[in-house]
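Structure record follows, encoded as structure tokens.
Positions are given from 1 along the sequence. Just so it is clear, the structure is predicted and the values come from calculations on it, not from any experiment.
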Amino acid sequence: MAHIVIMGAGIGGVPMAYEMREQARKEDTITVVSNAPKFHFVPSNPWVAVNWRKRDDIEIELKPILAKKKIGFTDVGAKRVHPDRNQVELNDGTTLDYDYLVIATGPHLDFDAVEGLGPSGHTQSICHVGHAESAAQQWERFCADPGPIVVGAVQGASCYGPAYEFAAIMDTDLRRRKVRDRVPMTFVTAEPYIGHLGLGGVGDSKGMMESIMRNRHITWITNAKVDKVEAGVMHITEFNDDGTEKKKHELPFKYSMMLPAFRGVDAVFGIDGLTNPRGFVVVDKHQRNARFPNIFSVGVCVAIPPVGQTPVPVGVPKTGYMIESMVTATAHNIGNLLRGKQPDREATWNAICLADFGDSGAAFVALPQIPPRNVNWFSEGWWVHLAKVAFEKYFLRKIKKGTSEPTYEKYVLKALGITKLKGVDVTPKVPVDGI
């Protein structure tokens, strides 16, 4: 009998528990460690931040649904991993012994890297549902007395899609309230160009995202380093493509949402051989750590090098389907080890992304996410908004039902050439010029 511990109960951790239950032997036990009692659907946070959703709409109590799958659960939270002892130390002082550990914690939000950044400073966040709730309160006050907005992502950030999404959602909401004409909006990003996304672009994302921003009257500053944020003023240095300083900016704002850089969580940060200098977990092609081969990792906490050099540091996003592919590979590989076999499954790291703008949206498919790619497709339209709404409801239902990948989902995506594991014989059928 083996004990598999999964640290994290988000978009990576909960599906990991479900798939691990399917791949584990009957006698094996699984425990999920979280720092909160509920799962929340992170992609819906931008809607919460403008009061298009309430927190209760996107949260699910975890203990009862995991219990139905015979999966243990604690919301005490992990304080420190001790790989030399095969133990996870919890925040209440107790420990969990493990035979296999899967780290799926997500990141630590590094607001402290920029003076004045974040909910404790002068900007809002949509990275957590609690932050989005706070942002929604500030949003209502702002809409009653509007002014300039600064939105975007700081240096070292690795999740750019939600910044574009939230900029467009704010634009849509302001137009519905008929106060958009009173709100100058500036998009500030470390990316070398609009639509880079930390991925070197996807299809014609540069041209399409620039067009979207122009049509919504959103100006932008790229190659931007946020030096500090004061109450109502953001101090920015803009750089040329060769890395030389181009211009200093002092941008006034009455409302700002800036995505922070990520780093590894404290529970694993600085463990020699397990993490890189930023605290992200180092894994091989089987999602397995080389120094501690009974430790695997999936999701945003995995170390991935940036896509090329940029004047200002730009990280690589870990999108939802990419994370799901890591989960499936990891579950299969631990299942093999439990049966005396060696890991043999590799995640495709294929990416599907839906960004809702409220009245339209943008979508991309990158197979794989990291270039060079077999498929490189980007599209815009009203259908994306409908698809994002449908996906929210669908994913929450999957979590409630305890299903990681229904059969029909697997075969529909396979028909489009989108798979989670390498070695699946499919021909990509995703259109390259739009739907």
Donor on one side chain, acceptor on other, N336 and D344, under 3.5 Å
yes
For the student: nearest non-hydrogen atoms of A136 and V48, plus distance
CB-O, 3.3 Å
Any side-chain donor-acceptor pair under 3.5 Å between T237 and D227?
yes
Is the NZ or CZ atom of K318 positioned over F280's six-membered ring, under 6.0 angstrom from the centre and within 45° of the axis?
yes
Do the non-hydrogen side-chain atoms of F391 and F41 ever get within less than 4.5 Å of each other?
yes
Counting only N and O atoms by type, is there a donor-acceptor contact under 3.5 Å from the side chain of E346 to the main-chain atoms of A329?
no
Salt-bridge criterion met for K228 and E230 (N-O under 4.0 Å)
yes
Would the distance check show the side chain of H82 and the main-chain N or O of D84 forming a donor-acceptor pair, the cut-off being under 3.5 Å?
no
Side-chain donor or acceptor of R80 paired with backbone N/O of D266 under 3.5 Å:
yes
Side chain H128, main chain G130, donor-acceptor under 3.5 Å:
yes
How about P368 and T348: do any of their side-chain heavy atoms sit closer than 4.5 Å?
no
Spatial distance of atom OG (S205) from atom CG (L197) [nearest 0.5 Å]:
5.0 Å
Pairing donors with acceptors under 3.5 angstrom, does anything connect the side chains of Q124 and H131?
no
Cation-pi, W52 ring and R176 (6.0 angstrom, 45 degrees):
yes
Tell me yes or no: between the side chains of E238 and H249, is some donor less than 3.5 Å from an acceptor?
yes
Any side-chain heavy atom of V188 sitting closer than 4.5 Å to one from M258?
yes
With a 4.5 Å limit on heavy-atom distance, are the side chains of I218 and I149 in contact?
no
Side chains of I236 and K225: closer than 4.5 Å at any heavy-atom pair?
no
Between N240 and G243 (side chain of the first, backbone of the second, donor and acceptor by atom type, cut-off under 3.5 Å), is there such a pair?
no
For the pair H286 (side chain) and R345 (backbone), establish whether a donor and an acceptor sit closer than 3.5 Å, ignoring hydrogens and angles.
yes
Answer yes or no: is there an ion pair linking D241 with K246, defined by an N-O contact shorter than 4.0 Å?
no
Using side-chain heavy atoms (C-beta onward) and a distance below 4.5 Å, is V307 in contact with P371?
yes
Does the side chain of L337 reach to within under 4.5 Å of the side chain of R288, using non-hydrogen atoms?
yes
Got a salt bridge between K420 and E19, using NZ or NE/NH1/NH2 to carboxylate O under 4.0 Å?
yes
Could you give me the CA-CA distance, side-chain angles and deciding distance for I30 and Y18, then say whether side chain to side chain contact (heavy atoms under 4.5 Å, CB included) is met?
CA-CA 10 Å; I30 300 170; Y18 293 156; over 6 Å; no
Sidechain N-carboxylate O distance under 4.0 Å for D181, R175
no
Would you call R55 and E133 a salt bridge, using N to O less than 4.0 angstrom?
yes
Would you mind reporting whether M322 and I352 have side-chain heavy atoms less than 4.5 Å apart?
no
Just verifying a value: how many Å separate L90 CG and N35 CG, rounded to the nearest 0.5 Å?
11.5 Å
Check the pair M234, E250 against side chain to side chain contact (heavy atoms under 4.5 Å, CB included), reporting the backbone distance first and the verdict last.
CA-CA 6 Å; M234 189 173 297; E250 291 186 1; over 6 Å; no
Option among Y164, Y160, W220 that satisfies the ring pair (Phe, Tyr, Trp, His ring centres under 6.0 Å) test with F187
Y164
Give the table of side-chain donor-acceptor pairs shorter than 3.5 Å for residues 291-301, with sequence neighbours excluded, one pair per line with atom names and distance.
from: R291; atom 1: NH1; to: D272; atom 2: O; distance (Å): 3.1
from: R291; atom 1: NH1; to: D272; atom 2: OD2; distance (Å): 2.9
from: N294; atom 1: ND2; to: N86; atom 2: OD1; distance (Å): 3.0
from: N294; atom 1: ND2; to: D99; atom 2: O; distance (Å): 3.1
from: S297; atom 1: OG; to: I103; atom 2: O; distance (Å): 2.9

Would a distance-only check, ignoring hydrogens and angles, find a side-chain to backbone donor-acceptor pair under 3.5 Å from D110 to F262?
no
Side chains of T222 and E191, donor plus acceptor under 3.5 Å
no
For the CG atom of L367 and the CG atom of N374, what is their distance to the nearest 0.5 Å?
7.0 Å
Approximate separation, where rounding is to 0.5 Å, of E380 CD and D204 CG:
11.5 Å
Measure centre to centre between the rings of Y255 and H122, then say whether the value is under 6.0 Å.
no
K422 to W349 six-membered ring, cation-pi geometry met (6.0 Å, 45°):
no
Between R177 (side chain only) and R180 (backbone N and O only), is there a donor and an acceptor less than 3.5 Å apart?
no
Measuring from F364:CZ to N376:CG, what's the distance to the nearest 0.5 Å?
9.5 Å
Is it true that the side chains of W47 and D57 contain a donor and an acceptor less than 3.5 Å apart?
no
Distance-only, no hydrogens or angles: does the R214 side chain make a donor-acceptor pair with backbone N or O of T219 under 3.5 Å?
no
Which atom names give the shortest non-hydrogen contact between A9 and L62, and what distance separates them?
CB-CD1, 3.6 Å
Short side-chain to backbone donor-acceptor contact, T123 and G118, under 3.5 Å:
yes
